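Everything quoted here is computed from the prediction, not taken from an experiment. Throughout, a chain's letter reflects where its sequence line sits, starting with A, and its residues are numbered from 1.
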Amino acid sequence: MVKDQTGSFELENVSVTYGKETAVAGVSMSVPSQAVTALIGPSGCGKSTLLRCLNRMNDEIGGVTVGGAILLDGADINARNVDPVELRIRVGQVFQKPNPFPMSVYDNVAYGPKTHGVRTRSDLDAIVEESLVRAALWNEVKGSLKKHAFELSGGQQQRLCIARALATEPEVLLMDEPASALDPISTQQIEDTIAELKDTVTIVIVTHNMQQAARISDRTAFMLRESMEAPATLIEVGDTRTMFTNPSDKRTEAYITGRFG
Amino acid sequence: MSRVRRARLAEAVAKAVMGAATLVVIGIALFLLGYLTYRGAPSVSWEFLSQAPRKAMTEGGIFPVIMGTVYLVMGTAAFALPIGIMAGVYLSEFAPRNLMTRTIRLAIANMAGVPSIVYGLFGFALFVMSLDLGVSVVAGALTLACLTLPVVITVTEESLRRIPLELRQASLALGASRMRTIQKVVLPAAAPGIVTGSILGLSRAAGETAPVLFTAVAFFAPMPSTPLDQTMALPYHLYIMATQAVRPAPHIVWGTAFVLVAGVSLINVIAAGWRSAQRRKIKW
Amino acid sequence: MSIEPLMTARGRTGRAAAIRRTAEAVTSGLIRASGWVSILILAAIASFLFLNASRALQEVGLLTMLTGDSWYPTSNDAQFGFIPMMVGTAWVTVTALVTAVPLGVASAVYISEFADGRIKEVSKSIIEVMAAIPSVVYGLLGIALLVPNVKSVFGLDTGLTAFTAGLVVGIMVLPTIVSISEDALHAVPDALRQGSAALGNTRWQTVWKVVLPSASSGIFAAVMLGMGRAIGETMVVLMLAGNAGIIPGNPFESVRTMPGTIAAEMGEVVRGGLHYSVLFVTGLVLFAVTFAINLAADLVLERQRKRWSR
C-alpha cells in the first residue's frame with residue numbers, strides 16, 4: 001500500500017496564465033498527506049484550474065503557463081526531468097461528470113495497470129478487485145465485471161471512475177466536483193468512499209457545495225476572484241472546523257454564510 | 001385581399017412548388033431503382049451468381065466478374081484504410097491550427113472533386129507505367145485508393161471529433177501517453193463511425209469505371225491468380241455489355257447492373273444499421 | 001527528482017518503458033507523415049499529368065490545342081483542337097445544371113424548412129441511395145429509358161445527344177446539390193428564423209427574406225460542386241453523348257466531351273506517342289478547371305462555416 005506520509009503537496013506562489021490572461025495568482029499553501037483538502041469558492045474562481053496544476057493536466061491545453069513552485073514530497077513536479085505521464089501515475093484524478101471508457105467494468109479498472117505494464121491475469125484480477133473494494137463498488141458489480149460500464153447508474157459510474165483511478169495506486173487523488181452531477185443518495189455514497197480512502201490516499205477535492213466541504217474535509221482553502229480584471233487568489237486556508245466556525249477573513253465569512261457566490 | 005392573406009397564399013403556392021420538386025426528385029430515384037429491379041432482378045439466380053460466362057458472354061453467370069470487383073475493393077481497402085485512418089487521426093488529434101493544416105484540409109476537399117477519369121490517367125501514368133505494375137488488380141486498387149482516401153480521412157476525423165474530451169482526459173490522468181490514449185480509448189470508441197463511413201467510400205469505389213478503365217480491367221480475363229493479373233469487374237463488364245457487345249444479351253446486362261446496385265446498397269444498409277445500433281448503445 | 005522514484009511498485013521497468021516510448025514515437029511519426037498524404041497525391045497527380053503531357057505541349061503547343069477547332073487525332077495530318085470537346089462538355093454541363101439546380105435547390109428548401117421529421121429522414125435517405133448508384137448504371141438507364149424517347153420526341157437521327165447526357169448527368173448531381181444546399185440552410189441559426197417570425201412574417205417570407213440570403217453562399221458552393229462533377233463525369237457522357245467530332249451548335253447534337261474523349265481513346269493510342277500525350281493535356285486541362293471550381297467552392301464553404309461558428 002501507500003508509504004506513510006507520502007503524497008503531500010507544497011505550493012509556493014503558484015500562478016496560472018492562459019495566453020496573456022492570468023487566471024490564478026500567488027497561491028501558497030500546503031496539502032498534508034492522508035487527509036482531505038477541499039478547495040471552495042464561487043464558480044470561475046480558479047479552483048479547477050489550480051487542481052489541474054497538481055497532475056499537470058493543464059499541459060494538455062495549449063498555451064497554459066504555470067508559475068511558482070509545486071512540490072510533491074519536496075520535489076518540483078514542473079522540473080524538466082519529470083515526465084507528466086509518470087507524475088499522473090502518482091497523482092490520479094476523478095472528473096466532474098462520470099467518464100468511464102466505453103468498455104467493460106473490468107477493463108475500465110484494468111486500463112491503468114495495463115498501461116503501466118501489468119500483464120498477468122491474476123495480478124490484474126487482484127488489482128481490479130482491490131480497487132473496486134476501495135471504491136465501495138465491489139459488492140454491486142462483483143457478479144458482472146464483464147458488463148458494459150455504460151449500463152451502470154451515474155453514481156456507480158462515478159465510483160467506477162474512482163476505482164479506475166485507484167488501480168494505479170496513486171498517492172494523491174484529485175477530485176473535481178465529483179458529486180455535482182449525481183443525485184443525493186449517490187453523493188452520500190461518494191462521500192462515504194472519500195472518508196474511507198483518506199487513510200491511504202491524499203485527497204484534494206474541488207467543491208462548490210460548502211456543506212460537503214464541511215462534512216468531508218480536514219482542511220479547506222477558500223479562493224476568490226474579486227473582479228473580472230484581477231486573477232483569482234487564495235483568501236484563506238486552514239483547518240476546516242475553524243474556518244467554518246470562526247473564519248479569519250471577512251470575505252470567507254461572507255461566502256460561507258451565503259452572502260455571495 | 002389583405003396583406004396577411006396574400007402572404008398566406010404566397011406561402012401555400014411556394015410550399016406546393018417546392019414540395020412538388022422534392023416529389024419529382026424522390027420520384028425519379030424510386031422510379032429508377034424500381035425499373036432497375038424490374039429489369040434486373042429476374043436474371044439473378046444461383047447459376048448467374050456462381051458460374052462463369054458462356055457462349056461469348058451471352059449465357060452463364062458473372063461469378064468471375066463479381067470476384068474481380070471484390071478483389072479490387074479489398075485491395076483498395078488495404079491501401080486506403082491504414083493511410084486514411086492515420087491521416088484522420090493526425091487531423092483530429094495532432095494538427096496545429098495553422099495555415100498548413102488549412103491547406104491540408106483544402107487539399108482533401110479538392111481530392112474529392114478531381115474527376116475519376118483524371119485519377120484513371122494518373123493511375124495509368126504512375127502505377128501502370130512508371131512503377132511498372134502493368135494493367136493489374138494492384139494498379140487498379142492503388143488508383144481507387146487515391147480516390148477513396150479523402151472519404152476515409154474525412155469520416156475518421158469526424159468520428160474522432162465526436163468522442164468527448166473527458167474520455168481523453170480520463171486516460172491521460174491515469175498516466176497513459178497520448179498515443180496509448182488514442183490507440184486504446186479514442187479509436188475503439190470511434191470505430192463504428194470510421195468503419196461505416198469507410199465502407200460507404202469503398203462501395204463507391206466498387207462502382208467506379210473510369211479509374212480502372214486503363215489500370216486494371218479487361219473485358220474477358222480469367223480470375224486473377226496474382227495481384228499483378230488483369231481482372232474483370234462489374235462496372236466495366238456492364239459498360240462493355242451495354243455499349244459494345246457484338247451480340248446483345250440484355251438479361252446479362254440488367255442482371256449485372258442489378259447485382260452491382262443491390263450489392264452496394266445492401267452493404268451500405270448493413271453498415272449504416274450497425275453504426276446506428278452501436279451509437280444507440282453508446283450515448284455520450 | 002529523478003524519474004525512478006516516481007515509479008510505484010506497479011510501474012513498469014525502465015527498459016520496457018523505453019521500448020514503448022520508441023514504438024510510440026515511431027507511430028506518431030507515421031501519423032504526422034500521413035497527414036501530408038493529400039497534398040502529396042494532389043502534387044503527384046499534377047506532376048504526372050504534366051510529365052506525360054510535356055511532349056504534346058512542346059510539339060503542338062497549349063494555345064494551338066485550346067483554340068483548334070478540329071479533332072482528327074489519327075489522320076496523317078493529325079489535328080488536336082480541343083474546341084469541339086470543350087463546347088460538348090459545356091452543352092452537357094449547362095443542360096445538367098439547368099435540370100439539377102432548380103429541382104435540387106427547391107427540394108433542399110422544402111426538406112430543410114418545411115418537411116417534418118419523418119418526411120425529412122425518408123427523403124434524405126432516398127437521396128443518399130441515389131448518390132450511391134454508380135455512374136455506369138445511370139448510363140445504362142439513360143440508354144434504355146431516355147435515348148429512344150429523345151430521338152422520337154425531338155425527331156432526331158439519334159438519341160445520343162448532349163441533351164440526353166446532360167439530363168442524366170443532371171439527375172446524377174442532384175444528390176450533391178440537394179445535400180450541400182440543405183447543409184447550408186441547416187447552418188442558418190434558428191434565432192434568425194424566430195426573429196423574422198416574431199415580426200409577423202410567414203414561414204415562406206422568412207425563408208425568402210432571411211434564410212435563403214443567409215445561406216446563399218453555401219447554395220452557390222453546392223452549385224459549383226455540382227458543376228465540377230458534371231464537367232468531370234465520364235461514363236454517362238461516354239455512353240450517351242454520341243462522341244461525334246464536330247463543334248455542336250445546339251445540345252440536340254451528338255457531342256464529344258473531354259472526359260469521354262480520354263476514356264474512349266486512351267485504350268487505343270500508342271503509349272508514349274503524340275496522341276497519347278495530347279490526351280494527358282486534356283486530362284491536365286480537366287484537372288485545372290475542376291480544381292479551380294472546387295477550390296472556389298471550398299473557400300466559399302469555409303467562409304460560411306466561419307460566419308456561423310461564432
Determine, stepwise, if the pair B:Val118 / C:Leu284 fulfils side-chain contact (heavy atoms from CB on, under 4.5 Å).
-> CA-CA 8 Å; B:Val118 171; C:Leu284 201 57; over 6 Å; no

With a 4.5 Å heavy-atom cut-off, do C:Thr234 and B:Thr209 have their side chains touching?
-> no

If every non-hydrogen atom of B:Ala29 is compared with every non-hydrogen atom of C:Ile126, which pair is closest and at what distance?
-> CB-CG2, 3.7 Å

Which heavy atom of B:Ala107 sits nearest a heavy atom of C:Ser38, and at what distance?
-> CB-OG, 3.9 Å

Under the 3.5 angstrom rule, does the side chain of B:Glu11 hit a backbone N or O of C:Trp204 as a donor-acceptor pair?
-> yes

Flag side-chain contact, heavy atom, 4.5 Å: B:Tyr239 against C:Leu140 | no

Would you list the atom pairs, donor with acceptor, under 3.5 Å between side chains in residues 171-181 of chain C and any protein atom, with sequence neighbours excluded?
unit_1: C:Thr176; atom_1: OG1; unit_2: C:Arg229; atom_2: NH1; d: 3.4
unit_1: C:Ser179; atom_1: OG; unit_2: C:Pro175; atom_2: O; d: 2.9
unit_1: C:Ser181; atom_1: OG; unit_2: C:Ile177; atom_2: O; d: 2.7

So, the part of B:Ser130 with a heavy atom under 4.5 Å from chain C: the answer is side chain

Any donor-acceptor pair under 3.5 Å linking the side chain of C:Asn294 with the backbone of B:Gly113?
-> yes

Roughly how far, to the nearest 0.5 Å, is CD1 of B:Ile117 from CE of C:Met266?
-> 9.0 Å

Can you name the closest pair of heavy atoms from B:Ala21 and C:Ala106 and give their distance?
-> CB-CB, 3.6 Å

Find out whether B:Leu33 and C:Ile133 are in side-chain contact, i.e. whether some heavy atom of one side chain is under 4.5 Å from a heavy atom of the other.
-> yes

Inspect the contact between C:Glu24 and B:Arg178 and indicate whether a charged nitrogen and a carboxylate oxygen are less than 4.0 angstrom apart.
-> no

Where is the tightest heavy-atom contact between C:Tyr110 and B:Met18, given as atom of each residue plus distance?
-> CB-O, 3.7 Å

